[in-house]
Protein chains: 2
Amino acid sequence: MKTRSAKKSLILQEAAKLFREKGFGGTSMRDLAEKVGIEAASMYNHIRSKDEILEEICFGVGRKYDEQLSEIERQEISYPSKLELLIAFHVQMIIEDGAAVSVLNNDWKFLSAEKMTEFKTMRKEYEKHFAALLKQGMEQGFFKPMNVSIALFTILSALRWVELWYKPSRGVSKEDLAKDISALLMNGIKA
Amino acid sequence: MKTRSAKKSLILQEAAKLFREKGFGGTSMRDLAEKVGIEAASMYNHIRSKDEILEEICFGVGRKYDEQLSEIERQEISYPSKLELLIAFHVQMIIEDGAAVSVLNNDWKFLSAEKMTEFKTMRKEYEKHFAALLKQGMEQGFFKPMNVSIALFTILSALRWVELWYKPSRGVSKEDLAKDISALLMNGIKA
DNA sequence: TGAACTAACTAACGTTTGTTAGTATTTGTA
DNA sequence: TACAAATACTAACAAACGTTAGTTAGTTCA
């Protein structure tokens, strides 16, 4: 049970890296096996199928987002503070587990029909809670009154670029990064 | 020459739609041929290879972005106006040719090694010009002084979501959409 | 010691892949 | 109407795909 799940974790971790690089369809089980250090067939002692790998990555990281959002909702702080915490969390996730986040964002469309439905439901739920946070912030006068959907997706999308761009080598700490993105989204670019 | 390039255009157009749905690797030449209405082998009377399809889409739409950015740079208007025009153009491209934009954004990594280098150069050049626009706007006091890279990528990424989200059915005109996104990026969300 | 379990291996399976060869059919032009 | 070019077809290719079968070596524990 200990060694087994360690090897499975390794498979999932290497899979996430390869999926990010070459996409789900572009990654073969033989590619993956080579990274893991065993033969392709041997992986089937640890996983049921290639699809299962994708599912575990997508729903594993998805659950983390859900849990953190719930945690933030629970806290008794202002809405701008909640939004800042959420932005910081998104940045942190990308920096600490960027490959898995990339799979969540880009490869969910290769999930089987049923799992894809489940995934979309999960994502829609997340967006609904995020939107509620923005809406309540507007109603209480902390945020400008505006189209909530547009605000939501503009913010979510702005956060996604970190995954495409961030490299530890660039010498920007994740705290600074989160702070600068927060500042732009909160206060805009116009002087 | 006339009929031929019309069929080739159809192939490129259907390919873009399929690549957006299922990715480059997930789309087979037989899938594509069915959409075009001919046999897979027959497509080779019009195109050289699957790779060529990807290249034509990526560089075709890339060139449009370059040309429009040059056009905006040439105009004698304020930097906030330039940025607004550029934002509106990005929104318009996605609405009018979303499939091709999606391929540009997501499938460029399946370009051959040499074409990928060329593509990255093109993209870097675009980003350089976009960044210069922001930087000059800051220096002249129109924009807040801030990290130019972070501003650039936050804006570019915020624009990308339109492709993931926009459906003509939602009843938001492209003008309103562009205006609302501009407003958030320019002035922020905080009241 | 020996039975049960784990996790690796090789070999092979049936499909699907992009692409080519060779041939027929349609289309435009003289 | 006839010739040529363009464009479609069928058949097949070698390679790569995910996965299964069958086997072997090593570990755990009664």
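Letters A, B, ... are given to chains in the order of the sequence lines, protein chains preceding strands, and every chain is numbered from 1.
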Take the C1' atoms of the five end pairs on each side of the helix from C/dT1-D/dA30 to C/dA30-D/dT1, derive the two axes, and give their angle rounded to 10 degrees. 10°
For A/Glu34, I'd like to know if atom CD has over 12 heavy atoms of other residues, nucleotides or ligands within 6.0 Å. no
For the residue pair B/Asn106 and B/Arg160, confirm or rule out a side-chain donor-acceptor distance under 3.5 Å. yes
Under 6.0 Å from the CD atom of B/Glu114, do we count more than 12 heavy atoms belonging to anything else shown? no
Examine the side chains of A/Glu163 and A/Ser102 and answer whether a donor and an acceptor come within less than 3.5 Å of each other. yes
Check whether any side-chain nitrogen or oxygen of A/Lys7 sits under 4.0 Å from OP1 or OP2 of C/dA8, and answer yes or no. yes
Would you kindly give the CG-to-P distance between A/Leu32 and D/dC17, to the nearest whole Å? 12 Å
In this structure, are over 12 heavy atoms from other groups packed under 6.0 Å from A/Lys109 atom NZ? yes
Between B/His46 and D/dA8, does any side-chain N or O lie under 4.0 Å from OP1 or OP2? yes
Nearest whole angstrom, please: distance from the C1' of C/dA7 to the CD1 of A/Ile11. 11 Å
Given 3.5 Å as the limit, does a donor-acceptor pair link the side chain of B/Lys82 with the main chain of B/Glu73, or not? yes
Positive for side-chain contact (heavy atoms from CB on, under 4.5 Å) with B/Leu12, one of B/His46, B/Glu56, B/Lys7: B/Glu56
CD (A/Glu96) with more than 12 external heavy atoms under 6.0 Å: yes
Letter by letter from the 5' end, nucleotides 9-19 of chain C scores (B base, S sugar-phosphate only, - none; protein heavy atoms under 4.0 Å) BBBB----BBB
